[in-house]
Each structure stands twice: as structure tokens, then as C-alpha cells.
Number of protein chains: 2
Amino acid sequence: MAKGNVSLSVIRRLPRYHRFLRELAEGGVVRISSGDLSKRMGLTASQIRQDLNCFGGFGQQGYGYNVKALYEEISKILGLGISRKTILIGAGNLGRAVTQHMDFSARGFELIGMFDVNPELIGEKIGGVEIYDSSYIAEFCEKHHPTIAILCIPKEAAKELAKVLVSHGIKGFWNFSHYDLAIDYDDIAVENVHLGDSLSILCYRVHELENSDEGAPAEK
Amino acid sequence: MAKGNVSLSVIRRLPRYHRFLRELAEGGVVRISSGDLSKRMGLTASQIRQDLNCFGGFGQQGYGYNVKALYEEISKILGLGISRKTILIGAGNLGRAVTQHMDFSARGFELIGMFDVNPELIGEKIGGVEIYDSSYIAEFCEKHHPTIAILCIPKEAAKELAKVLVSHGIKGFWNFSHYDLAIDYDDIAVENVHLGDSLSILCYRVHELENSDEGAPAEK
DNA sequence: TAGATTGTTAATCGATTAACAATC
DNA sequence: TAGATTGTTAATCGATTAACAATC
């Protein structure tokens, strides 16, 4: 589907296109031009057309793009809807919240088990999914062959555990631990969610704003 | 402190430098060269020196960088440690998990109140911080003057609420709602955390990996 | 001093934007 | 047909990398 290698910049914009298109479709919009979409998204029309043409010519001259069709195309490009057995490791506050907050199944992630080292949590069910003892992970993987792991554990544990999980067939990590998983494996997909880094960036930007305000009149 | 305007690419790398330097300092490492750090972080030495020199010359020829001093400098650049009154809106699973999971005070965020529309939650305390009724937000802001808001609410609510919060003095948003806040305000700092987009990107990358595997021998 | 490593300038690379012929 | 808008090529812009003189 993709014409050659698509840059990370483009890929990172795809989910946002997908989101806007879904909203447009839900709002009953049938067709949209790159110009119109660019205004809504705060991008240039050129960029939108360039991005989409990495994957194919989905538009029509003089018409624009069919919202629903384009939405479906991007769904396919993203690989949404392909079912993938998923496990979550670390059923603490964050792990449980993520489980309850995200619609995993909408993106094809089928959560089949959660794991924790805390004996108090073991046996509990969150959204119908049982929490098992972490020592059972290897055996569980051999039995059920999950391919995705969500890591909500401290960084010390993550580093060691990642190796074990890879050796048991995990192909993708959604990593919430404060550890950059990507460095060690390049034949494995890793998406890091560094909430701490994100909060630090907010901090910088508020700080920056305060400094630029000093003396300078409010811009608008 | 900053020499002119620093690009977003550089800023987004700062928290990661900060994280690595803290770990090095904790590990007892006193000095480090850009070359050594580049290997650990998977960057080029050139990039590290370029990035740091946006803010000042923190190194010394022939020696490298003093780990602790550089860590402190980046802390200052990021504006960590400046106390900012913070409120959290939406004390559902995600909001409560974020509260318990993040060390807000380490970055100067002082959580002074949480808000929710769910009557069952009102009056409850999470980590010593009380959950109030959302209808009390405006009054609370007038009284306590928070400058940061963490949004853990549905996107419909976020759009409307953001306006209200801005009019009551909020300068920075940590936005977990599925809504791109940045478009409307550019004199306000916004850091969006789109967990759904992040999961979609993981989906794409796993998908891409599977496709590149087909036929091609395993790379390594 | 000699070796190491920075800060900084120049070269390269990649991503974004502009332009426009093709065409619905 | 005329107007609109794409797909795509070329131009620009910005970010990364390389190189090296300065200097600890």
C-alpha cells in the first residue's frame, strides 16, 4: 500500500487525520477538499496532499476527498481492525486507568490478560480481564501467544521484562515506563508514552510564555 | 537564558536529556562528553552540542560536561521547580491515575483541587486533594488563582471548558481529552497527550513490521 | 605540552511549502 | 465548457550532521 518508506513525521500525523475525518463523517460531511481540511486542522493543504499521496491517490480533481472513503483508507493504512492479542503488565493505578479509559478493541487490540506482582491485585478482574501473577507471564505467552504488551511498570522492571517478552513473541510495546525501550530492539515496534517528559515540556512552555510576556505587549 | 527562539524539536529533547543526566548523576557519573552521551541516548554528538548551545556553553573543551551542573542547568531551562497552582478536571479513572502516578511537585506543579460532574466522587480526596463539583470551578479559580489545568474530560466538555478556564487565568493546559486545544489559543501553553493517537501509531508500526517481514529474510 | 572535546560554522539532508499541469 | 481541486514536481526552509579551529 505504501509507496516506499514513509517518514515518521507523516505517520505521526495519520491518527490525527483519522480523528478529524471520523468527526467530519459523524457530522454528516460527505466530501472535503485539502484546503478545507487544512483550515480545520491548522496545516497547509499542500502538506495534506503530500501526506496522503505517500499511500495513494485518494482524491479526485475538482471534487476533493470523500470523507468516509478516506477515513476507511486511513484505517487500513494504520492497520486498525486487525485483531492482536494484547497483555498489560503492571495493574497499578495507571495500568487500570488505561485499561478502562481506552477503547482497545476499536483499534484491534484484544486484551487477554493483565499481570502484577502485588498479591492483593491477583485474581481481580478489570473490564472482564483477569489480573495474574507476573511470574506466570512466560507460561501465559506460550499458551496464548499475545503479540502486544502494554508496560505500566517501573523502569528497572521494564528493561529486564522487555527481553523476556520479546523472547516469547511480543512484537509491539506500548511503553509507559520511564525507560526508552526503542534503543535495544529495532525489529520490534515500540511506542513510548513519556508522561513525565510531556509534563516537563508543558512546564517549559509556560515558563517561556511568562518570560516573553515580560515587558513585551500581549501579542494577538 | 535562551539565545533567540529555540525550535520545538530541541525543546522536545530537553526532558530526555534531563532524564539521562539524572540517571547518570544517580549512578555517580561526574563528567560526560557529548560523544559518550550520544551513544547512550542514540543521538549524534553534534546534535547534543547543538541543542545545548541553544541555551549556553555548559561544557568545557577537553573535559566535556559536568553531569550534575548540566542537569541543574536543564532543570532551570525547563522551568522546573517554579511552583504553579494546578487544578485537575475530570476525576475519572484516568484523572485519578494521573494524580497518583505523577510526581507533580517534582516539577513544581502544586495540585490544589480536582473537579468532576459525578456527584459520587465529590468530597472524596485523592492524595490529600479534594474533588469538588465542576460547577464550582469559576469560583475556585477566582479564589485560589491556579495557572495550570489538567484536562481529563471528554472532548465536548473540553472545548467549552477551556474558554472558561482561560478567562479565569489558566495559562497552561495538560490536555488528555481527544481534542486539539492548541488551535484556538496561541498565547496559552498547551501540551496534548493523545493516548488514542499513540496507540494508533503503535498499530501502524506493528502492521508495517509484519508487512516488511513477508518474503524478506529477518534483518539483523 | 599533547590529547581531548567543546562551540560554532559550513555542508548535507529531509521535510514543508509553493506552483502548476492534469483532469474531474 | 469553466471552475475547482487534485497529484506531483520544483523551490524553500529548517533541522541534522560533519568538520575544525579554539581551548581546556
Side-chain angles (χ1 to χ4, degrees), chain A residues 1-17 20-21 24 29-71 73-74 77 182-183 201 204, chain B residues 1-17 20-21 24 29-71 73-74 77 182-183 201 204:
Chain A
M1 178 176 289
K3 295 176 180 174
N5 276 1
V6 180
S7 81
L8 192 61
S9 322
V10 175
I11 294 163
R12 294 214 160 270
R13 280 192 293 271
L14 289 179
R16 194 152 171 267
Y17 290 132
F20 272 77
L21 288 164
L24 286 167
V29 178
V30 173
R31 59 170 279 251
I32 194 154
S33 68
S34 59
D36 191 352
L37 188 59
S38 74
K39 274 173 217 142
R40 291 167 188 263
M41 295 186 67
L43 303 172
T44 63
S46 244
Q47 182 165 63
I48 292 176
R49 294 202 300 279
Q50 286 277 27
D51 283 355
L52 297 177
N53 278 77
C54 293
F55 304 97
F58 304 129
Q60 200 171 61
Q61 284 99 329
Y63 174 85
Y65 300 85
N66 179 289
V67 172
K68 204 166 183 180
L70 186 56
Y71 173 75
E73 287 291 348
I74 296 178
I77 293 164
I183 293 169
I201 290 163
Y204 176 89
Chain B
M1 179 177 288
K3 295 176 180 173
N5 277 1
V6 180
S7 80
L8 193 60
S9 322
V10 175
I11 294 163
R12 293 214 161 271
R13 279 192 292 271
L14 289 179
R16 195 152 170 267
Y17 290 132
F20 272 78
L21 288 164
L24 286 167
V29 177
V30 173
R31 60 171 278 252
I32 194 154
S33 68
S34 59
D36 190 352
L37 188 60
S38 73
K39 275 173 215 141
R40 292 168 187 263
M41 295 187 67
L43 303 171
T44 63
S46 245
Q47 183 165 60
I48 293 176
R49 294 203 301 278
Q50 285 277 28
D51 283 356
L52 296 177
N53 279 75
C54 292
F55 304 97
F58 304 128
Q60 201 170 61
Q61 285 99 327
Y63 174 85
Y65 299 86
N66 179 288
V67 171
K68 204 165 183 180
L70 185 55
Y71 173 77
E73 286 292 348
I74 295 178
I77 293 164
I183 293 169
I201 291 163
Y204 175 88

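This structure is a prediction, so every number in the text was calculated from the model and none was measured. Each chain gets a letter, A, B and so on, in the order its sequence line appears, and its residues count up from 1.
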Net bend of the helix from C:dG3-D:dC24 to C:dC24-D:dG3, end axes of five pairs each, nearest 10 degrees: 10°
Of all the heavy-atom pairs spanning [X] and [Y], show the shortest one and how long it is.
X       : Y        : value
A:Thr44 : A:Ser38  : C-CB, 3.6 Å
A:Tyr63 : A:Arg31  : O-NH2, 2.6 Å
A:Leu24 : A:Ile32  : CD1-CD1, 3.4 Å
B:Ile11 : A:Tyr204 : CD1-CE2, 3.2 Å

Grab the [atom1]-[atom2] distance between [X] and [N] for me, whole Å please.
X       : N      : atom1 : atom2 : answer
B:Gln61 : C:dT6  : CD    : C1'   : 4 Å
A:Glu73 : D:dG7  : CD    : C1'   : 16 Å
A:Asn53 : C:dT16 : CG    : C1'   : 15 Å
B:Leu52 : C:dT6  : CG    : P     : 9 Å
A:Asp51 : C:dG14 : CG    : C1'   : 14 Å
B:Tyr63 : C:dG7  : OH    : C1'   : 17 Å
A:Leu70 : D:dT5  : CG    : P     : 16 Å
B:Arg12 : D:dT16 : CZ    : P     : 13 Å

Proximal nucleotide (of D:dT5, D:dT16, D:dA15) relative to the B:Ser7 side chain: D:dA15
From D:dC24, D:dT5, D:dG7, nucleotide with atom closest to A:Arg31 side chain: D:dT5
side-chain contact (heavy atoms from CB on, under 4.5 Å) between B:Leu14 and B:Phe55, intermediate numbers included: CA-CA 11 Å; B:Leu14 289 179; B:Phe55 304 97; 3.7 Å; yes
Min side-chain heavy-atom separation [X]-[Y] under 4.5 Å:
X       : Y       : result
A:Ile77 : A:Val6  : no
A:Arg13 : A:Gln47 : yes
B:Leu70 : B:Leu52 : yes

Please tell me if [X] has a side-chain N or O lying less than 4.0 Å from either OP1 or OP2 of [N].
X       : N      : answer
B:Arg13 : D:dT16 : yes
A:Ser34 : D:dT5  : no
A:Tyr65 : D:dG7  : yes

Any N/O donor-acceptor pair, A:Gln50 side-chain to D:dT8 base, under 3.5 Å: no
Any residue of residues 35-49 of chain A with a heavy atom less than 4.0 Å from an atom of DNA chain C: A:Thr44, A:Ser46, A:Gln47, A:Arg49
Pair A:Phe58-A:Ile74, side-chain contact (heavy atoms from CB on, under 4.5 Å): steps then yes or no: CA-CA 10 Å; A:Phe58 304 129; A:Ile74 296 178; 5.8 Å; no
